Structures are given as C-alpha cells and as structure tokens.
J.: 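Sharing a structure here in structure tokens format.
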Amino acid sequence: MSERMDLLVHGGEVLTMDASGTVVREGSVAVRDGVIVAVGADLPYETAAETVDATGCLVLPGLINTHTHLAMTMFRGRADDVDLQEFLARVIPAEAELLAPGNVAAAVRLAIAESVRAGVTSALDMYWFHEAAEQAARDAGWRLHAGPTFMDVPGPPDGRAYAERLGWARRSLEAYTPAPGTRPVVFAHSAYTLDPGQLVDIFALAREFGALIHIHASENAGEVAMVSERYGKRPVELLESLGLLGPDVLLAHAVDLTPDEIAALARTGTSTAHCPVSNLKLGCGISPVPALLDAGVTVGLGTDGAVSSNTLDLMGAIRQAALVHKAGGDPTAVNAEQAVRMATVEGARALGLADQLGSLEPGKRADLIVLDTGRPHLTPRHDPYAMLAYAAQSSDVRDTVVDGRVLMRDRVLLTLDEAAVRADLEALA
Ligand SMILES: [Zn+2]
C-alpha cells in the first residue's frame, strides 16, 4: 500500500524509551528523511529503500554522550592513576604541543569510529578547534554538539588570545545554522579557569543566541577548595550567585555538592552530566545522583575524554551508573532502567533536545542502534533494561543509525575507513 520509506528496521524488540516505557516485541521503526515516521508491530510499510533485519535483536535509541572531549583520544594513556590536578598538569603541555586542526580532526574521526561501534550516536564535545571536529563529524554523518570553548590559560592551543575570544565566539554563533537534532552550544571550561566576570560575559553571549551552556563544576574537593578560596563560594554557589544556573545550563560531573546546591540545581532547572568512570578513575568521588534524581534534576550520562576514562564506551558508563550508587548499601539506588534512561532520553533532555532525540517516537530524529542479543552472556533474555545495564557490552552493538543513515552495518563502519583512521592516530601519537 503506502508510501515508500527510506529505512525500515524490522523484527526486533523495540525499546522506545518513551514516557510510558513502551516496549514493542517484534516491532519495526520506519524512517523517512532522517525522521522516525512510525514505531510499532505490523506497520503498513513493507518496502523501503534500505532495510535492517533486527530479528532476535534489541532496537533502542542511540546513546547520547553528554560530556566528552573527543579529540583527547590522541592522548589516551598519557595520564593514568593520577588525580585531577596532576592529570591537568600532564595533559595541558601535551595539548600545547600537538593541538592543530588537522590533528583534532584525526582524533575526532577515531573518537567517532569508537563511538559508532559503541552505539553512541551523538556527543556534547567541549574542545579546542571545534570547527575541525564539526567537519569530521559531518563527513562521517555523525551527530556532534559542539561550539566555541572558553578557557583562560596562558598560551591557548589555538593561539587565540582570551581578549579575542568573545568576538570569535559571536562570529561562530552568527554563522551557525543548527542542523536538525542539534542546537548552538557554548562551552565555558570551569570556574577555576575563568573568573566571574568572564563567566558572566560568556553566559550572556550564549543566552543571546539561545545556546546550551556547558561547564565543568564541582568535579572534586580540590576544585571546590580552589574556587571557595578565591571567591568565598563553592562552584555551584558561585554560579547561582551570578545568575548562571538555569534550564540552558548543563554541568559536567557535579560530584561535590551540598544539599543546598542540589536544591539550587532543581529550583533553576539546571542539568548535570554524570561521568562515573572518569570520576572513579581520577578519585574525584561519586556524584550524588540518587539525591539529584529525587530532587528532580535531569541527569545525563557522559564518558568524559579518553584520558580520564580511557574509552568512549557509554555502555560501560551505564553499568557503572547502575552499580556505583549501590555501594552505600542500597541496591535500589539508580536502577537499570534509570541508568539506561540517563544514556538516552534523559541525556537528550539535558541537552534541551528531548523533542528531537533520545527516544524512538514518530517525529524524532532517527538515531538508533541494534544490539545483537544472540550471545551467551545475554542468554536467556529477561528484562531488557537489566540486560543493557548489567550484561551487555558495547561490542554487542551490531548496527548504528544516525539521522536515518546506517553508519555501521553488521559491525562494519560505512562512513569511515577504520584502518586509515587508526593509522592516522598511531602516526600522531
Ligand atoms: Zn571534562
């Protein structure tokens, strides 16, 4: 009967991640022009330009990495088993030496290859040379949330003096046309690399353009002590006192928080990006996610860069998020479904893009993954959320689709030459 679809993913168990948690057994997802047209069993679309047979597989929204520094794949393995301050002391000189648009593009291509393999279909990427990252992502057909970054450090890797950065960022925002499923983003590194006056100016610029603002905040006790000493306020207190919290603000980490700060995040609609693997590895502590969720704060999930967490494996972060909060003795803390939601629909909400991303519903962008469940460690199948959180591995992802385009089919990357991408990075490192 019916109009022809561009893509039909059929026969799988579809975990929609919609508000009521709909799961469709032997369901299909029909896609046209990059948009999901229908989800369900017995859809009237029998033909499509392209099909993916998901029989025996799980189909779910692509995972959303809400905090990373993609190009840091080039420094993977350079700062292990050290604290945050020593980490920065090692990474910043390496950045000064190696960062250039071509190298960033090469490192981002590797990060995209790794992410597509891990079922990650988009990421919020704070880093230098965002134009090079955006081009690499466009070329690979992958969804990147990027934009100008502010960090007032001596000898910035892009050679752009701090005094020029507001003008440069304004020009970048003026020239930016958001592709569907993206929005403008401004990255303010932190309250310890930017002073209050700089933060106020950066946030004002971002707000003029309706941009999402992403900032590291309260990553560990050392950061809180440094900011408190300088300004007499803890990082989140400082941001609130300056009027810099709100539904357009996403904090990375949010580990070291007081009950008053959690209440301030809830009151202002500020979201957080939980990065459990990075936080554990750097000994930063554990974000009070159960308290944040109880307070009604939107929490997404991130990997952080590949130096502090070594991989961009968001499935691993789902597992950590579902496990680490139970260490206090409560096995119900952050259940499997909550952890999977953080990596999908809650991540989309944290980015302010929940109307376009994060669940498989008609009208949303067609970012989805097919997970091969026909494997010993996933047998027998029970609750799909528990399977994802406690048993699945990123290598179980078989197919990855972004904006209706198949970027990985049967574990083969279709838009990146994986051998060349790896060789480029080996040559760099
Ligand atoms: Zn970070």
Side-chain angles (χ1 to χ4, degrees), residues 64-76 78-80 82-92 94-95 99 104 107-108 111 114-115 120 122-130 133 144-153 156-157 185-194 199 202 212-224 226-227 235-236 239 249-257 270-287 299-314 316-317 320-321 342 347 350-351:
I64 299 172
N65 190 345
T66 57
H67 179 66
T68 187
H69 315 280
L70 292 175
M72 293 187 84
T73 49
M74 89 176 89
F75 307 116
R76 196 187 327 251
R78 290 270 198 123
D80 298 316
V82 296
D83 71 8
L84 174 64
Q85 281 68 32
E86 173 63 19
F87 166 88
L88 292 171
R90 291 195 194 181
V91 167
I92 289 172
E95 288 182 331
L99 291 193
V104 166
V108 168
E114 182 182 351
S115 297
V120 178
S122 73
L124 182 62
D125 178 34
M126 176 193 289
Y127 213 55
W128 308 98
F129 299 109
H130 71 275
L144 182 71
H145 310 286
T149 291
F150 290 84
M151 183 178 183
D152 188 8
V153 287
V185 191
V186 171
F187 299 86
H189 179 268
S190 65
Y192 59 94
T193 57
L194 295 161
L199 290 171
I202 295 162
L212 172 72
I213 304 154
H214 189 42
I215 182 167
H216 293 101
S218 296
E219 184 169 356
N220 71 356
E223 174 198 325
V224 172
M226 196 186 314
V227 172
V236 171
L239 292 173
V249 179
L250 172 55
L251 307 182
H253 304 300
V255 169
D256 191 325
L257 299 176
T270 307
S271 303
T272 74
H274 178 35
C275 305
V277 176
S278 169
N279 297 156
L280 286 167
K281 183 167 176 249
L282 288 170
C284 289
I286 299 167
S287 175
V299 179
L301 206 53
T303 59
D304 210 350
V307 190
S308 59
S309 75
N310 296 54
T311 75
L312 304 174
D313 174 9
L314 205 64
Q320 279 301 345
M342 279 182 213
L351 298 177

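None of the values given here were measured: they were computed from a predicted structure. In each ligand, atom 1 is the first atom listed, and ligand 1 is the first ligand listed.
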J.: Over 60° means perpendicular and under 30° means parallel, so classify the ring planes of His189 and His216, tilted if in between.
T.: tilted

J.: Do any N or O atoms from the side chain of Thr68 and from the backbone of Asp304 form a donor-acceptor pair under 3.5 angstrom?
T.: yes

J.: Let me confirm one number: the CG-SG distance from Asn279 to Cys284, rounded to the nearest 0.5 Å.
T.: 5.5 Å

J.: So, is His253 placed with an N/O/S atom under 2.8 Å from the Zn ion (ligand 1), counting both backbone and side chain?
T.: no

J.: So what does the His69 NE2 - the Zn ion (ligand 1) - Asp304 OD1 angle come to, to 10°?
T.: 80°

J.: Have a look at His216 and say which of its N, O or S atoms is nearest the Zn ion (ligand 1).
T.: NE2

J.: Using the side-chain hydrogen bond (donor to acceptor under 3.5 Å, both in side chains) criterion, which residues pair with Asn310? Sequence neighbours excluded.
T.: Asp80, Lys281

